[in-house]
Amino acid sequence: MSMINSLRAAVRTNRRRGASGVYDVLPEGAGSAVVDCAVYQHGRRKGETCSPREAARRVKAEQQLPEGTGSFSWIGLHEPTEAEFEGIAQRFGLHPLAVEDAVHAHQRPKVERYDDVLFAVFKTIRYVEHDQLTPTSEVVETGELMVFAGRDFVITVRHGGHGSLQELRHRLEADADEAGLLAKGPAAVLHAIADHVVDNYLLVAERLQNDVDEIEYGVFSAKGGRSSDVGRVYQLKREVLEFKRAVVPLLRPMQQLSEPLQRLVDPDIQKYFRDVADHLARVAEQVHGFDELLNSLLQANLAQVSVAQNEDMRKITAWAAIFAVPTMITGVYGMNFEYMPELHHKYGYPTVLGAIVLICVGMYRGFRRNGWL
């Protein structure tokens, strides 16, 4: 909590100083978690990778020039500690609550506004390859990606072993011209990141479709309810639920970023956010469909188990009834009475055996005809 308190004090101080004070000093210690840091002007990268302090200094210097109004810095961090992030947070005037969310992670997907800074939280999803789906298979792996988008800076904080933005950054830099997305500033970078995350959602949804189809085939195969599909269905449902928690909460924030009332996003970028929102809605529909289908498969599998158990009980009951006939007859003739039918008859023994066989055969055919055996 000491870092949060100091950040609150720093934010209040920076607001009193004005915008120019944000770039005065950046502590030397802020940078060990930095993956990449660069300055962009009119869509082009200026120079090589630098420290956050140097990036802040360059942006401030270029903004003093008439052609430097389109300059901004993009700082990428991977799992920074409180000490590593504190200096950056202070110098860029990031809100303490957003900083706390970015450092400690495990946040719900959202987009929030703090003064002139947009803070977005995305859940990154990676499909885990597996040869066969089992009751303990891990199907999706989640991470987190936080984005601070100000007027002249973008700060990304990544948690987890996947979801790297290096390829995305290189792709945006390759399209470095006046019409490229980078030329439209930090809001365009926020869109590119959102689009990148949602595109990965689409890929994961396609792979999940194969697993759901495999489960569906197994449930309705000839094995009926005698397989262990209930464990696989439940495990896949847990993984789909984890995917759903990443997708559904992001629907409304993406729609809000595409609305005209959102003043921090350029109108030219808002139409791109509408496209992202459409893709996200498509993924949400797919995930919702997976969830509903798995619910149905789980119920169908449990119903099949009940039917299989009923069939087994009918067979057991039919065989018990058949074996009850010789048990009863032999039990009667096992009693020590002197006067009993056929007791002293020469063919009494084979007659009783023949009667037992005939009765058992008749019962067996009757049960077979009624579907009990």
Start with the C-alpha distance between Tyr201 and Phe243, add both sets of side-chain angles, then the distance that settles side chain to side chain contact (heavy atoms under 4.5 Å, CB included), and finish with yes or no.
CA-CA 9 Å; Tyr201 289 169; Phe243 191 14; 3.9 Å; yes
Might you point out which heavy atoms bring [X] and [Y] nearest each other, and give the distance in Å?
X      : Y      : answer
Ser258 : Gln270 : CB-O, 3.5 Å
Pro80  : Val103 : O-CG1, 4.0 Å
Phe220 : Ala300 : CZ-CB, 4.0 Å
Glu214 : Leu133 : OE2-N, 4.0 Å
Ala102 : Phe85  : CB-CE2, 4.3 Å
Lys244 : Pro249 : O-CD, 3.8 Å

Does the pair [X]/[Y] count as a salt bridge with the N-to-O cut at 4.0 Å?
X      : Y      : value
Asp152 : Lys60  : no
Asp211 : Arg232 : no
Arg207 : Glu129 : yes

Non-hydrogen side-chain atoms of [X] and [Y] separated by less than 4.5 Å:
X      : Y      : result
Trp74  : Thr156 : yes
Asp101 : Phe119 : yes
Leu145 : Val197 : yes
Leu165 : Arg158 : no
Leu190 : Val265 : no
Val212 : Leu293 : yes
Arg238 : Gln235 : yes
Val111 : Met254 : yes

Rounded to the nearest 0.5 Å, how far apart are [atom1] of [X] and [atom2] of [Y]?
X      : Y      : atom1 : atom2 : answer
Arg274 : Lys271 : CZ    : NZ    : 8.0 Å
Leu294 : Gln299 : CG    : CD    : 11.5 Å
Arg126 : Leu203 : CZ    : CG    : 13.5 Å
Asp312 : Arg314 : CG    : CZ    : 10.0 Å
Asp36  : Glu48  : CG    : CD    : 9.5 Å
Arg365 : Cys360 : CZ    : SG    : 14.0 Å

If you count every heavy atom of other residues, nucleotides or ligands that lies below 6.0 Å from [X] atom [atom1], does the total exceed 12?
X      : atom1 : value
His130 : NE2   : yes
Lys46  : NZ    : no
Glu292 : CD    : yes
His106 : NE2   : no
Arg252 : CZ    : yes

Go through Asp195 and Val198 one step at a time and tell me if the side chain to side chain contact (heavy atoms under 4.5 Å, CB included) criterion holds.
CA-CA 5 Å; Asp195 188 55; Val198 174; 5.5 Å; no
When clusters are formed by joining ILVMFWY residues with side-chain heavy atoms under 4.5 Å apart, either directly or through shared neighbours, do [X] and [Y] land in the same one?
X      : Y      : answer
Met363 : Leu358 : no
Val357 : Phe367 : no
Val117 : Leu97  : yes
Val248 : Leu257 : no
Val325 : Phe323 : yes

If only atom types and distance count, is the side chain of [X] paired as donor or acceptor with the main-chain N or O of [Y] below 3.5 Å?
X      : Y      : result
Asn310 : Ser306 : yes
Asn370 : Gly366 : yes
Gln107 : Ala105 : yes
His78  : Gly160 : yes
Glu79  : Ala33  : no
Ser164 : Gln166 : yes

Please evaluate residues Glu242 and Arg245 with respect to the criterion salt bridge (Lys or Arg N to Asp or Glu O under 4.0 Å), reporting the C-alpha separation (whole Å), side-chain torsions for both, the decisive distance (0.1 Å), and the verdict.
CA-CA 5 Å; Glu242 188 173 0; Arg245 288 172 180 160; over 6 Å; no
Sub-6.0 Å ring centroid separation between Trp319 and Tyr364:
yes
Looking at the rings of Phe153 and Phe92, which for Trp means the six-membered one, are their centres under 6.0 Å apart?
yes
[Y] and [X] side chains, donor-acceptor separation under 3.5 Å:
X      : Y      : answer
Asp213 : Gln209 : yes
His95  : Glu112 : no
Glu173 : Tyr40  : yes

Verdict with supporting geometry, Glu82 and His104, side-chain hydrogen bond (donor to acceptor under 3.5 Å, both in side chains)
CA-CA 9 Å; Glu82 291 185 0; His104 297 291; 3.2 Å; yes
Given Glu144, which partner from the list Lys123, Arg108, Lys110 fulfils the salt bridge (Lys or Arg N to Asp or Glu O under 4.0 Å) test?
Lys123
Before you tell me yes or no, could you show the steps for Thr124 and Thr142 under side chain to side chain contact (heavy atoms under 4.5 Å, CB included), namely the whole-Å CA-CA distance, both residues' side-chain angles and the distance that decides it to 0.1 Å?
CA-CA 5 Å; Thr124 56; Thr142 60; over 6 Å; no
Of Leu298, Val140, Leu241, Ile215, the one forming a side-chain contact (heavy atoms from CB on, under 4.5 Å) with Leu236 is Ile215
For Ile75 and Val154: C-alpha separation, side-chain torsions, deciding distance, then whether side chain to side chain contact (heavy atoms under 4.5 Å, CB included) applies.
CA-CA 6 Å; Ile75 304 171; Val154 176; over 6 Å; no
